[in-house]
Amino acid sequence: MVEQEGFRRYVAHFILWIGITIVAFPVYIAIVASTQDNALIANGQMSLLPGGHFFEVYYQTIFVGTSGSTREPVGNMMLNSLVMALLIAVGKIAISIISAYAIVYFRFPFRMPIFWIIFITLMLPVEVRIYPTYKIVADLHMLDSYAGLALPLIASATATLLFRQFFMTVPDELLEASRIDGAGPLRFFWDTLLPLSRTNMAALFVILFILGWNQYLWPLLITTRDDMQTIQVGIRKMITTTDALTEWPVVMATAVLAMLPPVFVVVAMQKLFVRGLVETEK
Amino acid sequence: MQKQAIFQSKLLPYALVAPQLAVVLIFFYWPAAQAVIQSFLLQDAFGLSTSFVWFDNYVELFKDPAYFETIVRTFFFSFAIAVSSLSFALLLAVMADKPLRGSMLYRTLLIWPYAVAPPVVGVLWIFMLHPSLGVLARYLRAAGVDWNPLLDGNQAAALIIVAAAWKQISYNFLFFLAGLQAIPKSVFEAAAIDGARPMRRFWTVTFPLLSPTIFFLLVVNIVYAFFDTFGIIDTMTRGGPGTSTVTLVYKVYSDGLLGGNLGSSAAQSVILMVMVIVLTGIQFRFVERKVTY
């Protein structure tokens, strides 16, 4: 920049801190509320400073759940969410990378039609075909199962496209070299292409894990048993319509726990995540 | 573009595409086709008989003022969410783009809300603005606002828009920052030498150069507001009070859940599909054009 005015920098720092405050305030409130006494919150007397019930509330949330109901402990919900998110991330990467490999490295009849069949799925999120999908999953007896939670969300092409684009940039010489070494198609895939795709896979994994962990409408529909519930569905069921019965400290502790894994992943893998995001979306 | 070096194999490529093809056909095409077929059928209340009624379900929908209201409301929500979140994110990105001490820290502190799930966003905001126990509601009342989003439809709508925009700030911030950093600094220096003040530089240089990013984000934000606000709405207002926060996706869900009218719910799904395809089409054409820049 040409002018280096100190004043403008202070303004920039100030605006950024206002932004951070706005972004962080709801979470601060949640953390504070999760350490307080429910009676105090229900009276509208919540303090803006942490209370003394931290261990008590979190112990109850993770191992017991809301009292006075048959709800599951949140620890179990987190496990369900974790399995679902991992299945979606790993499953999508696995089936996408091999189909992208076939489409880029082989010539076979119906190659382009197959590519388009996969490509078109980019357009429609699961929300718009929610009831027919529900019916099919029910017909296949996959309600209340991890397969039912994950498979319909695996059915889209984002990852395939990303791998296809990446494979296009891999130099042809690599394939010729490994062919001279006597490697067949599977060997080439395993020994050369997979190691080269590591960063792409990691970036995708971060994004897909968050996507899976944060799913809501789909698990809401297909889980009927409380022990198969994901944390996102469980948290809404904790908010009872009569305010007096809602155990707000437990709800807020659940919100904090639901945020931890994806936020941790984003912050820890910031560089990868940003790269993956810009590459998949643009 | 095609690879020159390829493998020869008759069966292997089919085996490799088979898993994805199977998942996509069973869990994407089959339900999508079902939705289209279902939208042409009329089922009686007990599901005993079905008849083919052509476009009756669609005609019914468009004759229904409530559906029209839902469309208008959804677009209003989308634009309100997109515009408020985009402008705030742009302001933050312009500030974070300056050579400041601690800019990496700022970035980290600003991007994480991307990872917060919509229902959690809903829970956080309803708690802060709950009429009887919310911390922020206290201040609103002290300021003389008769705050009760559980009864007042406009306040409920405002609550949804604020919460949904809050979550989207980080995403928009990231793309704006990437866009800003792609603009060569020499352009600004040239403008500065020509005597343009910072505000003027922003409107005459930065903003036009950033317009592709802005347009891209506008489409992404609208699609986000269409679908991802479902979790926010469901945890905060469940569509109420009345129907004041029912969006198109929420209507598909609630009409289908009550089970009364599967045909209508399917027709709504199909209309939604067409809307998304149009939006995605716009985005693709635009992204393609951008590549040739």
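Here is how names work: the chains are called A, B, and so on, in the same order as the sequence lines, proteins then strands, and each is numbered from 1.
Contact annotation for A:Pro109: both backbone and side-chain heavy atoms come within less than 4.5 Å of a heavy atom of chain B. Within the 4.5 angstrom heavy-atom criterion, no atom of B:Ile37 approaches chain A. Interface remark: B:Met273 contributes backbone and side-chain atoms alike to the contact with chain A (heavy atom separation under 4.5 Å). For B:Leu92, the parts lying near chain A are the backbone and the side chain together; criterion is any non-hydrogen pair under 4.5 Å. For a residue to count as touching a neighbouring chain, one of its non-hydrogen atoms must lie under 4.5 Å from one of that chain's; by this rule A:Ile136 touches chain B with the side chain only. Neither the backbone nor the side chain of A:Thr254 comes within less than 4.5 Å of any heavy atom of chain B. Residue A:Ile231 does not touch chain B at all, counting heavy-atom pairs closer than 4.5 Å. Contacts between A:Leu140 and chain B at a heavy-atom distance below 4.5 Å involve the side chain alone, from C-beta outward. At a 4.5 Å heavy-atom cutoff, A:Val256 makes no contact with chain B through either its backbone or its side chain. Residue contact with chain A, scored on non-hydrogen atoms closer than 4.5 Å, is absent for B:Phe226. Within the 4.5 angstrom heavy-atom criterion, only backbone atoms of A:Phe167 (N, CA, C, O) approach chain B. Neither the backbone nor the side chain of A:Met238 comes within contact range of chain B; no heavy atom of the residue lies under 4.5 Å from a heavy atom of that chain. A:Leu220 touches chain B through its side chain: at least one heavy atom from C-beta onward sits under 4.5 Å away, while N, CA, C and O do not. Using a 4.5 Å cut-off between heavy atoms, A:Ile22 contacts chain B through both its backbone and its side chain. At a 4.5 Å heavy-atom cutoff, the contact between B:Trp30 and chain A is made by backbone and side-chain atoms alike. Contacts of A:Ile210 with chain B are made by side-chain atoms alone, with heavy-atom separations under 4.5 Å and no backbone atom involved. Neither the backbone nor the side chain of B:Ser170 has a heavy atom closer than 4.5 Å to any heavy atom of chain A.
Of the residues considered (B:Leu25, B:Ile277, B:Leu100, B:Val24), B:Leu100 shows the highest number of contacts with chain A, using heavy-atom pairs under 4.5 Å. The candidate with the highest count of non-hydrogen atom pairs below 4.5 Å against chain A, out of B:Gln8, B:Lys98, B:Lys10, B:Arg101, is B:Arg101. Ranked by heavy-atom pairs under 4.5 Å with chain A, the first of B:Phe88, B:Phe127, B:Phe227 is B:Phe127. With respect to chain A, the highest number of heavy-atom pairs below 4.5 Å among B:Ser269, B:Pro113, B:Pro119, B:Ala22 belongs to B:Pro119.
Side chain of A:Tyr101 to backbone of A:Pro185: a donor-acceptor contact under 3.5 angstrom is found. In this structure, the side chain of A:Trp213 does not engage the main chain of B:Ala117 through any donor-acceptor pair within 3.5 Å. Looking only at distances, a side-chain donor or acceptor of A:Thr121 sits under 3.5 Å from a matching main-chain atom of A:Ala157.
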Derivation and outcome, side chain to side chain contact (heavy atoms under 4.5 Å, CB included), residues A:Arg236 and B:Val123: CA-CA 8 Å; A:Arg236 129 136 174 193; B:Val123 167; 5.9 Å; no

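Both the sub-6.0 Å distance and the 45° axial angle are satisfied by A:Arg164 relative to the ring of A:Phe115. For the pair A:Arg129 and B:Phe27, the cation-pi test (distance below 6.0 Å, angle within 45°) is failed.
Between A:His13 and B:Tyr106, the ring planes lie tilted relative to each other; the angle falls in the 30° to 60° range.
For B:Tyr171 and B:Tyr224, the ring centers sit 6.0 Å or farther from each other. Between A:Trp17 and A:Phe14, the ring center distance fails the sub-6.0 Å criterion. You'll find the ring centres of A:Tyr105 and A:Phe188 inside the 6.0 Å limit. Here B:Phe173 and B:Phe176 keep their ring centres 6.0 angstrom or further from each other.
B:Ile232 CD1 to B:Trp166 CH2: the interatomic distance, rounded to the nearest 0.5 Å, is 9.0 Å.
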